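Working notes for the structure below.
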Amino acid sequence: MKLLLEKAHIENIRLYDVYRREGGYRSVEKALKMTPDEIVDQVKRSGLRGRGGAGFPTGMKWSFIAKPEGVPRHLVCNADESEPGTFKDRYLMEFIPHLLIEGLIVSSFALGSNVTYIYIRGEYAWIVDILEQAIIEAKNNGWLGKNIQGTGFDCEIYVQRGAGAYICGEETALIESLEGKRGNPRIKPPFPAVKGVWDRPTVVNNVETLAAVVPIINMGGDEYAKIGVGKSTGTKLISACGNLNKPGVYEIDMTISVEEFIYSDKYCGGIANGRKLKACIPGGSSVPILPANLLLKTAKGETRYMNYESLSDGGFATGSMMGSGGFIVLDEDQCVVRHTLTLARFYRHESCGQCSPCREGTGWMEKILKNIEYGKGKMSDIDLLWDIQSRIEGNTICPLGDAAAWPVAAAIRHFRDEFEWHVFNPDECLKRNYGLAHYADERALAV
Amino acid sequence: MSSFSQAQMIEFNRLVARYPEGKQKSALLPVLHLAQESFGGWLSAETMDYVASLLGVEPIEVYEVATFYSMYNLKPVGKYMFEVCQTGPCMLRGSDSIIAYIEEKLGIKPGETTLDGMFTLKTVECLGACGYAPMMQLGKHYREHLTSEKVDAIIEECRKNAAMNN
């Protein structure tokens, strides 16, 4: 089922006239006849959860916004998509930009934001042009600006480019960056809903979340909630990458199994080059890596599905997370130590440096992983690595610390023998990879 | 010392006008992008001081931002910068060998610029093109599904463009 990308491939859907002809901006027409509270209620009923990674209920987040008399409020769209493995928001903005603009107008009306910002990662430079063009078209057609559709509601949308910093995807770092500062996360409370950009009440939502408001208003929150399963309502964009036959962005309703997603021709079409599945990070680089057997089936032997509950079944011991939907697949030829090293380097590079456990710990983890990968590791290094990650987790202002610790912890938890093999075979590990060993299950081995 | 042209000042004013009165510092990141594009692809101390004076902030407020974000170049770079992603998903699809190929082809290491000032090689962390890996950013756009043949073609294309613009 497709709600967001259904029309993404229609020729010239980027243009206002085509988008409008295909039913675009209907949700704005509908929403402007509702009260803001009614819109918030519909979003609550939809069960929509934040699509950036944390999965927090969007309607609830909206209801927290403070409304002090005479103080402007702001909606900020988080388009700082930077989690390795994640490229879904880029796809949405690049191919169907008006869907985001439409969602932003409805959401701005619901929250009372007269000036709304899209904070986009600086590297997506060409998408800034696409969005600004869509904004101009929307404005020329009376969906933005003063007194929209005669309702008395004013709204402007501006696009601000970041300049290369993963941390700015964290909402308080994003707000700092929007204010023209370094992206250092703020201590919470106060939460942005009370004191956000320029100390004004602010809601920060991911691109996909805000786009999902469009089908929610069009079909009604209750209908939206019927799609999917349990608390995983609606559809989710999954960006699949790594050693797959058909990497790319897929919109799924959250009832399909992980196995179907990887192997079916409708989705990823199986592992590339006839190789076997070794491991997968199902929700962006921060979430725990799982070996093939635990990926396809839970520890209880049940089928694992592509939704919030099923992907986290078993907790961190035997499960992972839906996260941002960045689905990274490793085939049998890949080295888990090397892959983890690239992630540790990433987090060391992206740590803002405010909190010492993260600033120092990420650097130590990278160094130790480098030693192990290049045949200079000791057995005690593996325990040291475990010790360091456990001291970062939970001890930092923002979740980047956890995000840096989890991939290392999960790699050791599930692939300890591969780390040990590197230590015991310092020469061999430079020449060849450890391979599959016992990680893959029968399904993976059969394919 | 250089300053913005009239057209650049119009863009500067457009950027500043997006923020509430008295909050013009918020335009700092976009203005630094504009300055970098306008003054040779990097930010000198003079350029940063100029941006500070335009926005009415202390120079240190500009330095601390310019040094934080990876897209601002604090020293001169080549006419064409190959920013090649090396994070996990790209590594799984062979980015290490693409980087090695560019190193060999251009005779430079990451962070270096060719003697003719034409090319800079920079390794970067995830740019959000994981499904189309390996990839690099070249100017405003991404070059994806890289192979050694594609790298050759890109180098050729840059040389042609440079010759045409001379």
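This one's a predicted model, so the numbers in the text were calculated from it and none came from an experiment.
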Heavy-atom pair with the smallest gap, counting every atom of A:Gly85 and B:Cys126: N-SG, 4.1 Å
Euclidean distance, A:Glu123 CD relative to B:Glu125 CD, rounded to 0.5 Å: 11.0 Å
Per-residue contact mode, B:Ala133 against chain A (heavy atom under 4.5 angstrom): neither
Contact origin within A:Tyr117 toward chain B - heavy atom pairs under 4.5 Å: side chain
Exercise: identify the closest heavy-atom pair between B:Leu92 and A:Val329: CD1-O, 3.6 Å
Side chain / backbone / both / neither for A:Phe327 at chain B, heavy atoms under 4.5 Å: neither
Top of A:Gly162, A:Gly248, A:Pro72 for chain B proximity - count of heavy-atom pairs under 4.5 angstrom: A:Gly162
Part of A:Glu350 within contact of chain B (heavy atom distance under 4.5 Å): side chain
Option that, when pairs with chain B are counted at under 4.5 Å, heavy atom only, ranks first among A:Cys335, A:Gly122, A:Ser239, A:Ser82: A:Gly122
Considering all heavy atoms, the nearest A:Ser177-B:Tyr69 contact: OG-OH, 2.9 Å
Heavy-atom donor-acceptor pair, A:Arg161 side chain to B:His33 backbone, under 3.5 Å: no
Heavy-atom contact with chain B under 4.5 Å, split by part of A:Thr86: backbone
Atom group of A:Cys352 that falls short of 4.5 Å from chain B, counting heavy atoms: both
Contact origin within A:Ile167 toward chain B - heavy atom pairs under 4.5 Å: side chain
Within the 6.0 Å centroid threshold, strictly below: A:Phe87 and B:Tyr132: yes
Options A:Val249, A:Asn243, A:Leu343, A:Asn184, ranked by heavy-atom pairs under 4.5 Å with chain B, top entry: A:Asn243
Interchain contact, A:Asp331 with chain B, by part (heavy-atom threshold 4.5 Å): neither
Backbone of A:Gly180 reached by a side-chain donor or acceptor of B:Ser26 within 3.5 Å: no
Contact class of A:Arg90 relative to chain B, heavy atoms under 4.5 angstrom: side chain
Contact summary for B:Leu127 and A:Arg121, nearest pair of heavy atoms: C-NH1, 3.3 Å
Rounded distance (nearest 0.5 Å) linking atom CD1 of A:Ile157 with atom CZ of B:Arg18: 12.0 Å
Pairs of heavy atoms under 4.5 Å with chain B: top-ranked of A:Arg345, A:Glu179, A:His339: A:Arg345
Among the listed options A:Lys181, A:Glu83, A:Glu81, the residue most often paired with chain B at heavy-atom distances under 4.5 Å: A:Lys181
Contact winner vs chain B - A:Pro84, A:Ala125, A:Ala163, heavy-atom pairs under 4.5 Å: A:Ala163
Gap between atom CG of B:Leu29 and atom OH of A:Tyr119 - 0.5 Å precision: 5.5 Å
Structural part of B:Gln137 lying under 4.5 Å from a heavy atom of chain A: side chain
Geometric class of the A:Trp126/B:Tyr142 ring pair [parallel <30°, tilted 30-60°, perpendicular >60°]: perpendicular
